[in-house]
> 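The structure that follows is given in the form of structure tokens.
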Amino acid sequence: MLDKLLAGLTDAQKKAVLYTTGPLLVIAGPGSGKTRVITYRIAALIHSGVKPFNICAITFTNKAADEMRLRLLDMNTPAGAQVSTFHSFCVRILRRYANYATINPNFTIYDRADQVRCVKQALKNCETDSKNFPPSTMLEAVSALKNKLVNPDDYRDQADDFFAKVLEKIYRSYQKILTENNALDFDDLLMKTALLLQSSPLVRNELADRFKFLLIDEYQDTNHAQYSIAKAIASQHNNICATGDPDQSIYRWRGADIRNILDFEHDFPNATVIKLEKNFRSPPNILEAADSLIAANKNRKQKILIPTKPPCPQDVTIDCFEDETEETAAIAEKIEQLRSQNVSLRNIAVFYRVNAASRPLEEALIKSKIPYQIVRGVEFYSRKEIRDVLAYLKILVNHNDEFALRRAVNSPPRGIGKITLEKAAQYARKNNISVYEALRRADNIETLNTGAKKRIRPFIEMIENFKSNTAGHVAPLIEGIFEKSSLAAALKASKDGDDAVENVRELVNAAADYDRANDAPCLIDYLQQISLFSDTDSYDTSAERVALMTLHTAKGLEFDHVFITSIEEDILPHTKSSEDHNELEEERRLFFVGITRAKQTLSLTYARYRTIWGQLSRTIPSRFLYELGLDFQDIDGEKKEKNLDLKNLTTKLTGSIVEHSKFGTGRVKKFVNTGQNSTVTVKFKTGQTKTLMLKYANLTIL
DNA sequence: GCGAGTTATGTTTTT
DNA sequence: CATAACTCGC
């Protein structure tokens with residue numbers, strides 16, 4: 001059986017799969033079968049008698065975990081829930097050992113939007129000006145500290161400058177707010193688990209004893225907290241197997257520490273290192289380009305990529321277009337061509353650096369009637385109506401979640417406003433109870449008038465009613481809440497509520513999927529699972545549609561035909577990353593990841609002009625294009641410049657500075673080109689905005 | 001408490 | 001520039 005399993009693997013792969021005890025690092029380039037090695041290794045371990053229960057496999061996304069589980073099922077070696085992401089793994093540990101970690105197991109997981117709300121609250125509590133300390137900056141700083149396992153007390157000792165002192169205060173306050181709401185953010189999941197493993201010998205020993213084998217994929221993108229968890233889990237049996245590629249490390253900005261993989265041999269003495277150098281994915285030309293590009297990184301270990309696929313002509317192209325409209329139209333046309341050659345749309349993907357780039361692409365694809373899907377999972381759950389429904393669910397399991405409560409109370413509006421809630425919050429603080437509990441005892445709050453009490457009562461009754469029915473399947477529960485909370489009625493009554501209702505229906509369907517997939521569906525678990533949803537998780541690989549996604553999301557995927565757009569300076573590499581040497585190298589790795597997704601053809605495009613923030617601006621081809629070793633020349637030229645047609649005039653006039661004899665100088669906001677009767681809308685320096693007939697306005701372009 | 005008007009924020013990338 | 005979040009007056 002095992003022999004059959006191993007047939008078709010290379011010697012290096014076999015060695016990695018069969019390697020039994022001690023630390024193992026598999027350094028492997030793109031398309032070399034890293035994930036395959038992990039999967040086979042699990043299968044081999046199980047075949048040799050190891051129980052799935054004793055194996056812990058960590059993948060980068062839930063999608064990857066699902067796929068791995070499916071493969072294992074195919075190999076007749078189900079590993080069940082033992083395959084998961086770091087975050088899901090931590091949720092399970094924190095729930096099981098909640099009392100050791102002194103947390104409530106019904107915790108809510110706060111996403112980015114919730115986090116921002118908390119930081120704003122923290123800024124308010126600390127009476128700090130949010131102008132000098134923008135919430136997003138503070139949040140990132142707090143997140144960075146958590147990833148390094150630095151708690152507020154640790155930080156107090158190293159905070160010496162003014163910013164650091166403020167940060168410490170904000171961090172402390174932010175953490176207090178989370179605790180009060182019985183909520184954990186993404187970073188807490190890792191940090192609390194890591195600290196629990198450090199501080200509780202009992203928990204550490206139990207887990208370290210249980211997990212005889214630990215396997216971690218995409219190790220190059222682990223942060224310090226994850227490293228600490230891994231170290232603790234492997235502390236007893238020392239059977240850690242990590243796979244990764246330093247050249248594909250693209251999450252440094254999120255706290256990922258490339259040193260984890262570079263120092264593996266130091267961290268885990270007696271480690272064996274196996275390199276997989278054969279690439280089974282891309283044709284030689286694409287690999288050469290990728291190799292040539294990544295060679296420009298100074299901070300890297302030399303690595304080789306040996307192609308195993310035969311060469312095919314025309315596999316890499318670089319094309320220049322006038323603007324993003326032409327660029328995306330050309331991509332749509334190429335996709336149309338592929339389709340006419342019977343290429344399935346499933347095998348085509350378009351990557352871009354920034355999410356904003358998806359819009360012109362969508363327009364072009366719609367125009368050409370090419371079905372597509374934007375791979376961006378979390379977005380669905382951040383829609384207003386979805387958040388509203390989820391707010392109800394969250395209070396049911398965690399009545400301390402004040403953000404959820406505030407949201408639910410007034411969606412739909414119930415006449416319970418800021419003042420009423422503030423009074424309830426005051427009462428809650430005084431009596432050391434949750435705001436929800438305070439509302440439940442509204443009759444005892446003297447400051448509230450009878451009207452307010454009368455409005456609160458039915459709301460509480462409704463929630464209590466829901467509460468008594470939370471057991472079992474989630475989908476019917478959501479459906480019931482949607483109707484009984486009058487959210488459904490309110491949405492149906494609003495004029496563009498049809499889409500919203502449709503979205504909730506989709507939420508119910510997704511919940512039904514969850515109910516089916518789990519033996520013991522439960523609301524808490526459901527909520528925690530959807531909070532850990534990632535972008536790739538929404539990717540429907542079976543749909544006959546072109547996939548659109550960012551370069552980050554593309555990690556770990558592969559497609560026959562890959563398009564990468566807007567390869568221009570300030571986009572790839574991004575403006576914010578082109579100054580710092582390390583960040584620039586990370587941008588290069590990001591491009592490297594994108595290129596190496598291609599199984600057959602790779603089409604790279606850029607435009608000479610691009611609209612950014614509504615402003616048309618001249619672009620510069622990305623320096624990376626010159627590094628591909630493809631004798632690429634910037635096909636820029638004066639001749640194109642002179643052929644201005646009307647369409648170009650439209651785009652050029654908008655945004656430019658003009659002078660008017662009477663109103664002075666101003667910026668063109670809008671240009672409606674109707675030939676003779678064309679109008680321009682100009683915002684003048686005097687502050688007034690005027691719409692003028694172009695032929696009479698007598699404007700001078702400055 | 002609610003709507004209209006104003007202003008922050010984002011266009012890096014995400015579990 | 002476009003949207004979301006916030007503020008202020010009714």
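The structure presented is a predicted model; accordingly, all values stated were derived computationally and were not measured. Chain letters run A, B, ... following the sequence lines, proteins first and then strands; every chain starts at 1.
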> For E586(A) and R455(A), find the nucleotide of DNA chain B closest to each by heavy atoms; which residue's nucleotide sits nearer the 5' end?
R455(A)

> Run the ring-centre check on W253(A) versus H552(A) and record whether the distance is less than 6.0 Å.
yes

> With a centroid cutoff of 5.5 Å and a plane-angle limit of 30°, would you call Y251(A) stacked on dT13(B)?
no

> Between Y372(A) and E362(A), is any side-chain donor less than 3.5 angstrom from a side-chain acceptor?
yes

> When the distance from CZ of R112(A) to C1' of dT12(B) is rounded to whole Å, what number comes out?
11 Å

> Whole-Å distance between dT14(B) C1' and N147(A) CG?
12 Å

> For L590(A) and dT12(B), what is the distance between atoms CG and P respectively, to the nearest whole Å?
14 Å

> Measuring to OP1 and OP2 of dT11(B), would you say a side-chain N or O of T575(A) lies under 4.0 angstrom away?
no

> Listed by chain and number, what are the ring-ring contact (aromatic ring centres under 6.0 Å, His included) partners of Y352(A), not counting sequence neighbours?
none

> List the residues meeting side-chain contact (heavy atoms from CB on, under 4.5 Å) with K148(A), not counting sequence neighbours, and say none if there are none.
V150(A)

> Please determine whether a side-chain nitrogen or oxygen atom of T420(A) lies at a distance below 4.0 Å from atom OP1 or OP2 of dG1(B).
yes

> Once you round it to whole Å, what is the distance between C1' of dT15(B) and CD1 of I58(A)?
13 Å

> Would you mind telling me which of dT12(B), dT11(B), dT13(B) lies closest to the side-chain atoms of I612(A)?
dT11(B)

> How close or far is atom P of dG1(B) from atom CD1 of I456(A), stated in whole angstroms?
10 Å

> Residues two or more places apart in sequence or in another chain: which of them pass salt bridge (charged side-chain N to carboxylate O under 4.0 Å, His left out) with R96(A)?
none

> Contact class for D187(A) (heavy atom, under 4.0 Å): base, sugar-phosphate, or nothing?
nothing

> Does any non-hydrogen side-chain atom of S566(A) lie less than 4.5 Å from one of R610(A)?
yes

> Counting only side-chain N and O atoms of T553(A), is one of them less than 4.0 Å from OP1 or OP2 of dT14(B)?
yes

> If you assign I419(A) and T61(A) each to the DNA chain B nucleotide with the nearest heavy atom, which residue ends up on the more 5' nucleotide?
I419(A)

> Can you tell me if H574(A) is stacked onto the base of dT12(B), using a 5.5 Å centroid cut-off and an angle below 30°?
yes

> Can you tell me the distance, in whole Å, between the CD atom of E385(A) and the P atom of dA4(C)?
11 Å

> What's the CD-P distance between E568(A) and dT12(B), to the nearest Å?
16 Å

> Would you mind reading off the distance between I567(A) atom CD1 and dT12(B) atom P, rounded to a whole angstrom?
19 Å

> Could you check whether the side chain of R353(A) and the base of dT13(B) have a donor-acceptor pair of N or O atoms closer than 3.5 Å, going by distance alone?
yes

> Between the protein and nucleotides 8-10 of chain C, which nitrogen or oxygen pairs come in under 3.5 angstrom?
none

> At less than 4.0 Å, is any side-chain N or O atom of N62(A) found next to OP1 or OP2 of dT15(B)? Yes or no.
no

> What about the rings of F60(A) and Y251(A), do their centers lie closer together than 6.0 Å?
yes

> Summarise how protein sits on nucleotides 2-9 of chain B as a single string, 5' to 3': B when a protein heavy atom is under 4.0 Å from the base, S for sugar-phosphate-only contact, - for no contact.
S-----SS

> What orientation do F133(A) and F163(A) show, parallel under 30°, tilted 30 to 60°, or perpendicular over 60°?
parallel

> If only side-chain N and O atoms count, and only distance matters, is there a donor-acceptor pair under 3.5 Å linking T611(A) with E324(A)?
yes

> Could you tell me which residues satisfy ring-ring contact (aromatic ring centres under 6.0 Å, His included) with Y514(A), sequence neighbours excluded, listed by chain and number?
Y526(A)

> Touch check for T222(A), heavy atoms < 4.0 angstrom, all strands: base, sugar-phosphate only, or nothing?
nothing

